[in-house]
Amino acid sequence: MDDKSYNPFAMAQAQFDKAAEVLNLDAATRQLLRQPMREYQFSIPVRMDDGTAKIFRGFRVQHNDARGPGKGGIRFHPQETIDTVRALSMWMTWKCAVVDIPLGGSKGGVICDPHNLSSREEEQICRGWIRQMAKFIGAQVDVPAPDVMTSAQHMLWMLDEYEVIYGQKSPGLITGKPVGMGGSLGRTEATGYGVIFTVREAFKELGVEIKQTTASVQGFGNVAQFAIRLYQQIGGKVICVSCWDQNDQKSYGFKKESGIDPDELLKFTDRFGGINKDKAREAGYEILPGSAWLEQPVDLLIPAALENQITVSNVEHIATSVKLIAEGANGPTTPDADQKIAARGIFLIPDFLANAGGVTCSYFEQVQSNMNYYWEKDEVLGKLDVKMTSAFQAVSELARKRKLFMRDAAYYIAISRVAQACKDRGWT
Ligand code: GLU
């Protein structure tokens, strides 16, 4: 969406203000929670492969750490802004609170486009980010992780730079590390699987048999790929995915009525989740415009790409068959589109609940890293299912009891917990 007036931080604050009003929060708590506690903006000089010097802009925003060290990913994106990072840091605070893990909310970013960077240049950006932030992060302070266009390799370069600076091993500094290098089994799958654990519970509540359902997914990156896999494993069918095409600078939908095959699509997908159109067409996929994913006559929509994707200009295109929307991405739905979704009675699993599997598994990773003792994959995923299911049930129970939209119910639970922590510490 190229809506120039869209400001994710204003949207995150509007969502917060609405919940704060209903919760009747006192003025100091509102003032504290509607702004980040701390923000860092800095330059990262990098010697490029062609010998020239280039300066990248980096960010880290620590929204709130009343419940524990800050936690949240670092995004590499050409359109990154301080306001996007502010919004995402606030959503991280609510995300950690709604799944009840002892962590606060942070987020980081760098304005860059990894499509146009070599691996060495990306490594320099990672190391430069750490050199600027090393004093202000740490296992007991603020713990970064991967996010849009960053991976386990980026986390390991960052950790290595940090360990060089401090002259000691600190595997609890960062999560989403490679397995065998302090990473947790199941972390790669965690966000996508977590989305589907909540989808499973929502369909149960709606009295819908998952085996009878179909879905359409926006995005084919880490979250989307593992959500598709688990959803298909438990009997659902994904008929459409959409993704960004870097050459054409627009997105396309890939449709197969009989169900898309993620393994097949992966053979011609780049490391950013971009699918090669020609090869997909040869493999029998129908190529549609990027907006088509939203218009499919399915039961379930999973926006799992970026923020600001379901807006007033396209929300009416959602088919009448859609019963459930599970937000794999952060902030995919704007507040005005939200109202229309609520009015139509579509069940929505809000982003900071639906996609909390990633940070929940990051928490498990940090626990394992700090103990230097690593669990089996089944144990990690089993614990993840327990956490996600109980968070979903707490939110849906409140929504049912108080006749609330799921997003509002999730906000009440998360904000109440954070406000209580601020009060208990004597901050408010
Ligand atoms: N970047 C992910 C998110 O937005 C994971 C954060 C983490 O693991 O700390 O939830």
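When a ligand or atom number is given, it counts from 1 through the structure's own listing order.
Under the 6.0 Å cut-off for aromatic ring centres, Tyr411 and Phe352 qualify, their centroids lying closer than that. Aromatic ring centres of Tyr40 and Phe59 lie farther apart than the 6.0 Å criterion allows.
The nearest heavy-atom contact from the protein to atom 2 (C) of ligand 1 is Asp147 OD2, 3.7 Å. Counting protein heavy atoms only, atom 9 (O) of ligand 1 is closest to Lys71 NZ, 2.7 Å. Taking atom 10 (O) of ligand 1 as the reference point, the nearest protein heavy-atom neighbour is Lys95 NZ, 2.7 Å. Atom 7 (C) of ligand 1 has Ala145 CB, 3.3 Å as its closest protein atom, hydrogens excluded (heavy atom only). When hydrogens are left out, the protein atom nearest atom 8 (O) of ligand 1 is Ser362 OG, 2.5 Å; that is the closest non-hydrogen contact. The protein heavy-atom contact nearest to atom 5 (C) of ligand 1 is Arg187 NH2, 3.5 Å.
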Q: Report the C-alpha separation of Lys277 and Asp248 in whole Å, then their side-chain angles, then the decisive distance to 0.1 Å, and conclude whether the salt bridge (charged side-chain N to carboxylate O under 4.0 Å, His left out) test is met.
A: CA-CA 11 Å; Lys277 285 196 299 300; Asp248 298 359; 2.8 Å; yes

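Environment of CE in Met48: crowded, with over 12 heavy atoms of neighbouring residues, nucleotides or ligands closer than 6.0 Å.
Using a 4.0 Å cut-off to heavy atoms of Gly73, the atoms of ligand 1 that qualify are 1 (N), 6 (C). Here is the list of ligand 1 atoms found below 4.0 Å of a heavy atom in Asn330: 4 (O). Heavy-atom proximity to Met92, at under 4.0 Å, picks out these atoms of ligand 1: 3 (C), 4 (O), 6 (C), 10 (O). With ligand atoms numbered from 1 in the order given, ligand 1 contributes 9 (O) to contacts under 4.0 Å with heavy atoms of Gly72. Atoms of ligand 1 lying under 4.0 Å from any heavy atom of Lys107, numbered from 1 in the order shown and given with element: 1 (N), 3 (C), 4 (O).
Classification of the Trp94-His63 ring pair by plane angle, with boundaries at 30° and 60°, yields perpendicular. Under the 30°/60° scheme for interplanar angles, the aromatic rings of Tyr162 and Tyr166 are found to be tilted.
Taking all atoms of both residues into account, the shortest heavy-atom contact from Val312 to Ala337 is N-CB, 4.1 Å. Shortest non-hydrogen contact noted between Pro36 and Phe9 is CD-CZ, 3.9 Å.
Among the atoms of Pro146, some N or O lies under 3.5 angstrom from an N or O of ligand 1. Any N or O atom pair closer than 3.5 Å counts here, and Asn355 shares no such pair with ligand 1.
In terms of modelled atom types and a separation under 3.5 Å, the side chain of Arg75 and the main chain of Gly108 share no donor-acceptor contact.
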